[in-house]
Amino acid sequence: MSMYALKAEEHSQLQLVEREEIDDEEDLFEGIDKLTAHGINAGDVKKLQDAGIYTCNGLMMHTKKSLTGIKGLSEAKVDKICEAAEKLVNFGYITGTDALLKYPGLTGINVITQRKAVIRITTGSQALDELLGGGIETLAITEAFGEFRSGKTQLAHTLCVSTQLPTSMRGGNGKVAYIDTEGTFRPDRIVPIAERFGMDAAAVLDNIIYARAYTYEHQYNLLLGLAAKMAEEPFRLLIVDSVIALFRVDFSGRGELAERQQKLAQMLSRLIKIAEEFNVAVYMTNQVIADPGGGVFVTDPKKPAGGHVLAHAATVRLMFRKGKGEQRICKVFDAPNLPEAEAISLP
């Protein structure tokens with residue numbers, strides 16, 4: 001977009017991750033090592049870290065049953081650890097006013113500091129940004145589903161770059177984690193997108209961490225390992241492309257459907273916790289399946305894969321389809337705060 005090119009020229013060389021904003025981000029979550037100041041043994045803290053728990057916020061998202069499953073942690077120790085964590089993190093009730101300040105809507109109240117507000121990351125398309133109320137939100141899961149070549153992965157690549165823009169340019173001022181289950185990530189596609197935004201392509205690529213997942217278990221383990229990285233560095237976006245592919249491969253037939261949906265629910269729960277624990281935006285792509293009950297008036301009825309489990313986990317659901325020529329059409333399929341509407345964008 002020419003608008004971004006002009007702004008980029010004004011800034012000459014963009015500072016991808018500004019030091020002042022990183023310092024502010026440290027207040028977003030309490031590190032698990034702070035438990036030692038409340039009487040928790042350093043060895044027990046290490047056991048929590050080995051289990052993928054690096055913040056007190058993340059600790060409070062686990063049940064005591066799952067915590068006692070960690071080798072070396074008894075029920076008495078878990079009770080003591082949770083009691084200490086509760087002193088550091090407020091997981092109780094807050095007033096409606098506080099909730100509004102934490103999750104600002106359309107009211108324009110901006111008295112809270114920026115680090116505690118939802119950050120909206122530009123998609124690079126003005127029409128799509130307007131459709132989404134400003135861009136992809138942090139603290140939320142955005143699901144994009146559609147047929148192949150409908151623009152889902154292209155948007156993922158664009159977000160890899162736009163997330164690294166300063167917040168003053170409607171970026172996220174943070175790094176990106178990309179979990180690829182279908183082999184669709186192409187670093188060479190990042191280069192022209194970075195140039196379009198006036199950014200240094202090499203620096204942009206350095207701020208993207210990438211992993212190729214081959215089984216649903218591998219996919220889940222990659223998510224567990226992300227906590228350590230996000231607790232140390234300022235990440236603002238997690239991409240999973242696609243969320244359902246490996247589950248459709250590793251589980252087959254109706255006999256394994258119940259187990260598949262249970263495992264899928266566990267992974268989606270992990271994604272929600274990552275989004276809320278580290279204030280990151282989660283963008284996941286999804287496949288479509290034929291919908292025999294779609295109705296006789298629909299020429300080619302299709303619905304997103306994953307069933308109700310995936311439908312309830314996603315905050316915003318976007319449906320992509322091909323338009324005329326190179327045009328791609330995005331429709332808000334489901335969202336708690338957005339009207340049902342469409343936008344036409346170019347790849």
Side-chain angles (χ1 to χ4, degrees), residues 1-25 110 114-115 117-138 140 142 144 151-180 184-210 229-230 233-239 241 278-283 285 318 320 323 325-328 330 343-347:
M1 292 284 178
S2 58
M3 176 179 67
Y4 295 107
L6 288 170
K7 288 185 178 180
E9 286 175 12
E10 291 173 7
H11 285 77
S12 62
Q13 284 296 323
L14 293 173
Q15 185 68 31
L16 294 181
V17 183
E18 297 170 10
R19 185 68 248 169
E20 289 181 11
E21 296 193 18
I22 295 175
D23 292 338
D24 286 343
E25 289 297 328
N110 293 313
Q114 184 181 346
R115 67 179 183 275
V118 172
I119 296 171
R120 289 178 174 83
I121 301 167
T122 179
T123 62
S125 164
Q126 187 174 351
L128 193 51
D129 281 350
E130 289 175 1
L131 182 74
L132 297 175
I136 302 294
E137 287 187 354
T138 59
T142 301
K152 308 182 301 293
T153 300
Q154 177 62 29
L155 178 55
H157 282 71
T158 303
L159 288 170
C160 281
V161 179
S162 65
T163 298
Q164 299 181 43
L165 286 167
T167 50
S168 59
M169 293 176 67
R170 296 193 297 145
N173 199 57
K175 297 188 175 186
V176 180
Y178 197 120
I179 296 177
D180 184 4
T184 52
F185 180 70
R186 294 290 181 270
D188 51 295
R189 288 169 68 179
I190 298 293
V191 176
I193 299 172
E195 291 173 351
R196 169 188 148 198
F197 282 97
M199 302 176 75
D200 179 15
V204 168
L205 286 167
D206 283 341
N207 283 303
I208 301 171
I209 62 169
Y210 166 82
K229 296 182 181 297
M230 289 188 171
E233 298 179 89
F235 280 84
R236 195 57 72 225
L237 175 69
L238 166 60
I239 294 171
D241 185 19
F278 299 105
N279 191 24
V280 302
V282 175
Y283 174 80
T285 66
L318 305 175
F320 282 78
E326 294 298 311
Q327 287 184 345
R328 296 296 181 265
C330 175
I344 298 175
S345 63
L346 295 172

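Note that this is a predicted model, so its numbers are computed, not measured.
When all heavy atoms of Ala201 and Ala194 are compared, the closest pair comes out as CA-CB, 3.9 Å. The minimum heavy-atom distance linking Leu128 with Cys330 is given by the pair CD1-SG, 3.6 Å. Of all the heavy atoms in Ile190 and Cys160, the pair that sits closest is CD1-CB, 3.8 Å.
At least one donor-acceptor pair closer than 3.5 Å links the side chain of Arg236 to the backbone N or O of Asn279. Looking at Ser162, its side chain does come within 3.5 Å of a backbone N or O of Thr122 through a donor-acceptor pair. When atom types are taken as modelled, the side chain of Asp241 and the backbone of Asp180 share no donor-acceptor pair closer than 3.5 angstrom. When atom types are taken as modelled, the side chain of Arg196 and the backbone of Gly124 share a donor-acceptor pair closer than 3.5 angstrom.
The line from CG of Asp200 to CG of Leu205 is 9.0 Å long, rounded to the nearest 0.5 Å. A distance of 8.5 Å separates CG in Leu132 from CD in Glu137, rounded to the nearest 0.5 Å. Rounded to the nearest 0.5 Å, atoms CG (Leu237) and CD1 (Ile136) are 8.5 Å apart. To the nearest 0.5 angstrom, Phe185 atom CZ is 8.0 Å from Ile239 atom CD1. Going from atom CD of Gln164 over to atom CD1 of Ile208 covers 5.5 Å, rounded to the nearest 0.5 Å.
Side chains of Leu159 and Val176 form no contact here, defined as non-hydrogen atoms less than 4.5 Å apart. Counting heavy atoms from C-beta outward, Asp129 and Arg120 have side chains that stay 4.5 Å or more apart. You'll find the side chain of Gln154 reaches within 4.5 Å of the side chain of Arg189, heavy atoms only. Counting heavy atoms from C-beta on, the side chains of Leu155 and Arg328 never come closer than 4.5 Å. At a threshold of 4.5 Å between non-hydrogen side-chain atoms, the residues Phe235 and Ile209 count as touching. Between Leu131 and Thr123, the closest side-chain pair of non-hydrogen atoms is not below 4.5 Å.
Between His157 and Tyr178, the two ring planes are perpendicular [angle over 60°; tilted spans 30° to 60°].
Defined by atom type and a distance below 3.5 Å, a donor-acceptor pair is missing between the side-chain atoms of Thr167 and Asn173.
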Before you tell me yes or no, could you show the steps for Thr158 and Phe197 under side-chain contact (heavy atoms from CB on, under 4.5 Å), namely the whole-Å CA-CA distance, both residues' side-chain angles and the distance that decides it to 0.1 Å?
CA-CA 10 Å; Thr158 303; Phe197 282 97; 4.2 Å; yes
